[in-house]
Amino acid sequence: MPVSFSDNAKLETRGVSVTFGGFNALTDVSMSLSAGSVVGLIGPNGAGKTTLVNVLTGFQSPSSGEVLLGTEAVGAHSPFALRRLGIARTFQAGRLFTGLDVLDNLAVTGTGLGHSRRAAEEEARSVLDWMDIRHLSDLPASGLPYTDERRVGIARALMYRPDFLLLDEPAAGMSEIEAEELSQLIARIASELGIGVLLIEHNVGLVLGVCEQVYVLDAGQIIEQGDRATILASQAVRDAYLGASHEEAA
Ligand SMILES: Nc1ncnc2c1ncn2[C@@H]1O[C@H](COP(=O)(O)OP(=O)(O)OP(=O)(O)O)[C@@H](O)[C@H]1O
Ligand SMILES: [Mg+2]
């Protein structure tokens, strides 16, 4: 998987709002993600993090505002169209094809993207090798331990090297050691593959350790953005989210 930065070097939202009935899930959210960087998105339960990922990946249309991939407005594109354009994601709950083995879980993404079965299997093997999990290839996805299921979800998203990868709570349920391994993997995805990674996590220590830039959502609004020091120093963040765990994360 050679690194090649495409023209789509930036994925961003400008003034995006999403309403469900009368409820404002996102209000005027502007954020951006560049190729090769790792950006964090944190916030309490129900803050709107998954909704923002859904907007960026075509699973949810914004009620107002724009989604831009490079200079192209893509807010009305389907998830499939956006995956073809290089925006991949994982889901909060695994969502592997449980009737298939691991290799096939990756290969169907490749055939879905228009590649031959043979080419897709080759790409799948190369991704599994790159992640050092080729030994999982022939195992049924249904029987995987939780952490392996997460890894396979990431491997599937890496098929045909997207430009952007959006990870929705990939460390949930992992041990501290597993979470540390995951953070090393995320850093490699950005630095070796040149992919822009958006990391949603409740594990604030993990986010602050691996992300250059962090956005904080609360009740659908971005209440803070900046580097580790800015987030840790923010009274707004402390009030809204970090609370007592602030000292811990520092
Ligand atoms: N399809 C929907 N219809 C109605 N309300 C929704 C819908 N999707 C999300 N919501 C609401 O929007 C708000 C934001 O939800 P979202 O799932 O984006 O939060 P989150 O930050 O990902 O939370 P968590 O940390 O629990 O995953 C919540 O109040 C949720 O109940
Ligand atoms: Mg969520």
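If you read the sequence from its start, that first residue is 1, and numbering goes on from there. Note that ligands are numbered from 1 as they come in the structure, with each ligand's atoms numbered from 1 the same way.
The CG atom of Leu103 sits 5.5 Å away from the CZ atom of Arg125 when rounded to the nearest 0.5 Å. In this structure, CZ on Phe164 lies 6.0 Å from CG on Leu69, to the nearest 0.5 angstrom.
Defined by atom type and a distance below 3.5 Å, a donor-acceptor pair is missing between the side-chain atoms of Asn24 and Thr19. For the residue pair Ser234 / Glu224, a side-chain donor-acceptor distance below 3.5 Å is found, with atom types taken as modelled. Side-chain contact of Thr50 with Gln92: a donor-acceptor pair under 3.5 Å is present, judged by distance alone.
Set against the non-hydrogen atoms of Ala25, the atoms of ligand 1 under 4.0 Å away are 12 (O). Set against the non-hydrogen atoms of Phe23, the atoms of ligand 1 under 4.0 Å away are 11 (C), 12 (O), 13 (C), 29 (O). Distances below 4.0 Å separate heavy atoms of His202 from the following atoms of ligand 1: 25 (O).
Within the 2.8 Å limit, Thr50 places at least one N, O or S atom next to the Mg ion (ligand 2). In summary, no N, O or S atom of Thr51 is located under 2.8 Å from the Mg ion (ligand 2).
Remark: Arg161 is not positioned above the aromatic ring of Trp130, lacking an NZ or CZ atom under 6.0 angstrom from the ring centre and at most 45 degrees off the axis. For Arg95 and Phe91, the positive end sits near the middle of the six-membered ring, less than 6.0 Å away and at most 45° from its axis. Remark: Arg151 is not positioned above the aromatic ring of Tyr146, lacking an NZ or CZ atom under 6.0 angstrom from the ring centre and at most 45 degrees off the axis. Note that Arg84 lies outside the cation-pi zone of Tyr160, set by a 6.0 Å cut-off to the ring centre and a 45° limit from the axis.
There is a protein heavy atom less than 4.0 angstrom from atom 13 (C) of ligand 1. Proximity of atom 31 (O) of ligand 1 to the protein is not indicated, since no non-hydrogen protein atom lies closer than 4.0 angstrom.
Ligand 1 has at least one atom lying under 4.0 Å from a heavy atom of Glu169. Heavy atoms of Gly48 approach ligand 1 to within less than 4.0 angstrom.
Residue nearest to atom 23 (O) of ligand 1, selected from Gly43, Pro44, Gly46, Gly21: Gly46 (by heavy-atom distance). Looking at Leu217, Thr51, Ile200, it is Thr51 that brings a heavy atom closest to atom 18 (O) of ligand 1.
Counting heavy atoms closer than 4.0 Å to ligand 1, residue Gln92 contributes side-chain atoms (C-beta onward) but none from N, CA, C or O.
Ranking the protein heavy atoms by distance from atom 25 (O) of ligand 1 puts Lys49 NZ, 2.7 Å first. In terms of protein heavy atoms, atom 26 (O) of ligand 1 is closest to Asn45 ND2, 2.9 Å. Nearest to atom 17 (O) of ligand 1 among the protein's heavy atoms is Thr50 CB, 3.7 Å.
Between Arg117 and Asp104 there is a salt bridge, since a side-chain N of the basic residue sits under 4.0 Å from a carboxylate O of the acidic one.
Inclusion of Phe20 in the set of residues having an N or O under 3.5 Å from an N or O of ligand 1 is not warranted.
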